[in-house]
Amino acid sequence: MYLAILKLQDKGFLERSPGRPPAERDDARRRYYRLTDLGRRVARAESERLAAMVEVAVARRLIRADELAGAAEG
């Protein structure tokens with residue numbers, strides 16, 4: 001996980017968050033991160049790409065749309 005976080009930071013998709021939760025919910029050992037604007041745009045583009053792939057799979061009857069609804073709920 002830490003290697004993935006470092007890679008996301010190196011690419012400019014993730015940054016250390018300056019804020020922390022209230023003390024009763026915090027732990028000094030934890031590190032907090034947030035998506036950068038670039039990271040948010042990349043995540044949105046990747047979501048759209050994956051959604052388009054699912055649409056193609058449904059259109060080609062590789063998967064059924066009703067199966068997708070069940071997967072999202074479970």
Side-chain angles (χ1 to χ4, degrees):
M1 177 174 72
Y2 297 109
L3 183 58
I5 289 172
L6 287 174
K7 287 180 180 181
L8 291 169
Q9 283 183 292
D10 287 345
K11 292 181 179 189
F13 301 155
L14 199 64
E15 64 187 3
R16 288 284 298 268
S17 178
R20 298 187 74 87
E24 64 271 5
R25 292 188 309 155
D26 196 10
D27 181 334
R29 297 170 294 180
R30 290 186 179 174
R31 302 293 177 256
Y32 297 90
Y33 299 89
R34 65 181 177 192
L35 286 173
T36 62
D37 289 338
L38 174 62
R40 200 169 285 106
R41 289 192 308 269
V42 168
R44 185 175 297 117
E46 182 65 5
S47 297
E48 291 169 358
R49 184 186 73 80
L50 292 171
M53 290 177 65
V54 169
E55 286 180 22
V56 168
V58 169
R60 292 184 180 177
R61 297 186 176 162
L62 300 172
I63 57 174
R64 294 189 340 236
D66 61 331
E67 292 175 332
L68 297 173
E73 294 170 3

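We're numbering straight along the sequence, starting at 1.
- Cluster note: L35 groups with M1, Y2, I5, L8, F13, L14, Y33, L38, V42 through ILVMFWY side-chain heavy atoms spaced under 4.5 Å, whether in direct contact or through intervening members.
- Formation of a donor-acceptor pair under 3.5 Å by the R31 side chain with backbone atoms of A28 is found in this model.
- Partners of D10 under the side chain to side chain contact (heavy atoms under 4.5 Å, CB included) rule, at least two apart in sequence or in another chain, do not exist in this structure.
- The closest side-chain heavy-atom distance from R34 to P18 is below 4.5 Å.
- To the nearest 0.5 Å, the span separating CZ on R41 from CD on E46 amounts to 15.5 Å.
- L50 forms part of a hydrophobic cluster together with M53, judged by ILVMFWY side-chain heavy-atom separations under 4.5 Å.
- In this structure, the side chain of R20 does not engage the main chain of Y32 through any donor-acceptor pair within 3.5 Å.
- Atoms CD and OG1, on E15 and T36 in that order, are 6.0 Å from each other to the nearest 0.5 Å.
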